[in-house]
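Contents: one structure, followed by commentary.
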Amino acid sequence: MSDLRLGLSITEAAVDAVIIDSTNTCVSSLSHEPGATLSLSLDAILADLGRELLSRVSTAAVASTILSDQLRRVEGLQRVGALRIGMTSTAIPPLSGWPRALAESIAGPQSIVAGASELDGSPLAPLDVDAVKRFADQCKNTVEAIAVTAVFSPIAPHVESEAIAILRAELGADIRIIPSHLIGGFGLLERENATILNAALAAAGQFVIEEVVAALRRQHSPADLFIAQNDGNLLGADVAETMPVRLLDSRLATSVRGAGLISGLSDALVVDRVGDRVRAGVLREGEVALEYGISSIAGVRMQHWLPIGFDDAAHGNPVDRLRRHARDAALLDLTDRSSEASLRTASAWGAATAPVSASVWAIVNSPDASLTPIRQRAIDEAILAGADPSHTTVVSVVETPLSYMPHGHRVFIRAAGPPFGSGSETHHPQ
Amino acid sequence: MNFTAADIRPMALGAALMGGGGGGDPYLGEIMLTSLLNEDKHIDIVSLDDLDGSTQLAPFALVGAPHAINEKLIGLEGIRQLFADKSLRRRVPDAVVPYEFAGLNAMYPLAAAAVLGVPCVDADATGRGVASLDTTIPALDGVQTESFILCDPLGRTVTVSATGNLSMEQLARPIVESMGSLALLSTSSLDVEYCRRHLLAGTVTRCLELGRLFLSLPELELSNINDRLASIGAALLGSGTIVERISRTGGSGPRTALSVEGADRTLRVELQNEFHVVVDDGIVVASIPDIIVLIDRETWMPLSVEDAGVGRHVLVVALPAPDRWLTPEGLRYAGPRSQGYGLDHTPFSIRRGKS
């Protein structure tokens, strides 16, 4: 029988682990001081959980702040070449608006070349193949990764693929090249920022995931690994490895979810203090309250789903500012001495019980366009990200009319399902 | 005045406010102006009164859809292209004048002035964000420029001359769509006398002051915000959470209504490309041409109509329209009926003291 789920939460201040059964009852819960290295921390806590219990775990999920901590300290980042396709954008070069220290530590060659697409997918200009080759030349032996971003690539991804084929022919198979259409979202600058950051974090993200897998295997755990994203939902380890920018900081979202489960509350304000940072978020009707929009992580402007609330250097009382989101809701301070002890492992609970999810953005430019293919794409992507195919459904559809485009709508669809572990026999109750 | 790096942030915030939910995100303009000033370019903002009588002016605006601008971003190449060897304008103007000082359209003429090395005039043709090229004070005065020039990011230019019953908006908008929903716009040369008579003087400096005032709001208690707003003739209409967003497609394009639920009442906000009408318990409490803005309580930034989504916590604020728009003829052009609402303009009331 392998119906248990392991949740791990890793910060610079603590390593927490919980094992939860299919009825969301806690089987084991531990909190450790971190060890000298990530692998020592993991070995210690997994050993304490014990091999017998670990052998019955089908899925393991990790929430961590490792990547956002590294980003803030400007540590362990790779140098990235930035190729932008679309000469319409020259007044706003790559890395515009980034904090200087971060930009300097990762900036490799950058170039804006002709090519890309119009908003209906038709070509804006032919790709300037020679300019791409010159850029490749500049990248030889100077960068570890390349971010490729074309105007309207979410509509016409082939432009980025064509440029990548040229870069590959010039630079070989070893260099990591990331197209922005894999990162997704409209808004060239925000998508490019996320792609560059994703490239810069590639090695760091891979390291974390490999360390966790290795530690699980050392304890003979067969569990499939999932990583919590910034919005608290999970990604399968193989997909997560290619998407470190989505894994910057899942501590807040998982803490909010976990606090709800532990306390049995459906609405609450959740405050979590770790080291010199305070995070606070909102639990609304049993779910983490999320907000889509432009926000900055470590000073880099991106567009993404984040929990409503704060992740800030500790100062003041964040709860006053959050009150208007939930006027009468209870306050759960995870680190308050008077709180229930199990609340301290809320983040690990939240990781262990989160669904796998994927989001799809699309523009429809016709009044009676069907959303069915977009819904299907969201479901497919959730399954690819590790959701159980038999229990993956669309959980959210948001349509917004676009200004000055009479039939244009921005469509956002999210699909989710329970994580699919190789040992899964039954699906987990939501 | 000499426009400096310290003015960029408040100018961008003021410009976002003047957009009334439209006008495009000024963030790209902030980046553009920062890098121009870093290159030691100068931006001089001059009053219409200080111009020599022989000065020839060029209006500047970006026309298009925010969705296109967010992907294509912007370049500076088109600025000179407009004055290259085209028939409409053969030489660089003596000064730049903003067309619609709102959103990104406020920032772009400042950049154009820096690129061309000429001053930017402290005036514009609209005094707020508008949805149409025809909603201008010169059009209201019956003296809209007869020729417009459009230049797209690939350097293709089209000159449009309005004749007969088709307005500039009706002629130019489909061309801009063909150009990929983004183009730079100027007109035939304007002289100083025309600008003094038909443009709104002082818009640029007013925008800067507006931005500075709003930058000071986050440190105030809600009850003091009313007083601060009243000092510029503006008012806080309410605050709350957007709990509902309903869009429907009608004969005149998509329309959307928001419900903003506060502690003691729920406001309804009607919008199209800008925020248009605010209704409190069946009573209209503000409407265009007054400028209606929704301020995000977390970031204290004005929200665009596209970003005003469910779950946001907002302040609903009304800013006064320029007086020219509040005349009977001005209201016919820019009041609620011009956008298809069956109601007359309602002046909003300014409350002082505790709300």
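In what follows, every chain begins at residue 1, and chains take the letters A, B, ... in the order their sequences are listed.
In terms of non-hydrogen atom pairs under 4.5 Å with chain B, the most contact-rich of A:Arg301, A:Arg284, A:Arg191, A:Glu192 is A:Arg301. When A:Leu189, A:Val398, A:Leu290, A:Ile112 are compared by the number of non-hydrogen pairs under 4.5 Å with chain B, A:Leu189 comes out ahead.
No side-chain donor-acceptor contact under 3.5 Å links A:Glu291 to the backbone of B:Arg312. Between the B:Glu71 side chain and the A:Phe152 main chain, a donor and an acceptor come within less than 3.5 Å of each other.
For A:Ala150, the part lying near chain B is the backbone, with the side chain staying farther off; criterion is any non-hydrogen pair under 4.5 Å. Contacts between A:Thr400 and chain B at a heavy-atom distance below 4.5 Å involve the side chain alone, from C-beta outward. With a threshold of 4.5 angstrom between heavy atoms, B:Ala111 does not approach chain A through any atom at all. Of the atoms belonging to A:Leu119, it is side-chain heavy atoms, and not backbone ones, that fall under 4.5 Å from chain B. For B:Asp152, no part lies near chain A; criterion is any non-hydrogen pair under 4.5 Å. Contacts between B:Leu154 and chain A at a heavy-atom distance below 4.5 Å involve the side chain alone, from C-beta outward. For chain A, the nearby part of B:Arg245 is the side chain; its heavy atoms alone come within less than 4.5 Å. Contact annotation for B:His67: both backbone and side-chain heavy atoms come within less than 4.5 Å of a heavy atom of chain A. Only the side chain of B:Glu274 comes within less than 4.5 Å of a heavy atom of chain A; its backbone N, CA, C and O stay farther away.
Rounded to the nearest 0.5 Å, atoms OH (A:Tyr404) and CZ (B:Arg173) are 5.5 Å apart.
For the residue pair A:Thr90 / B:Glu77, a side-chain donor-acceptor distance below 3.5 Å is found, with atom types taken as modelled.
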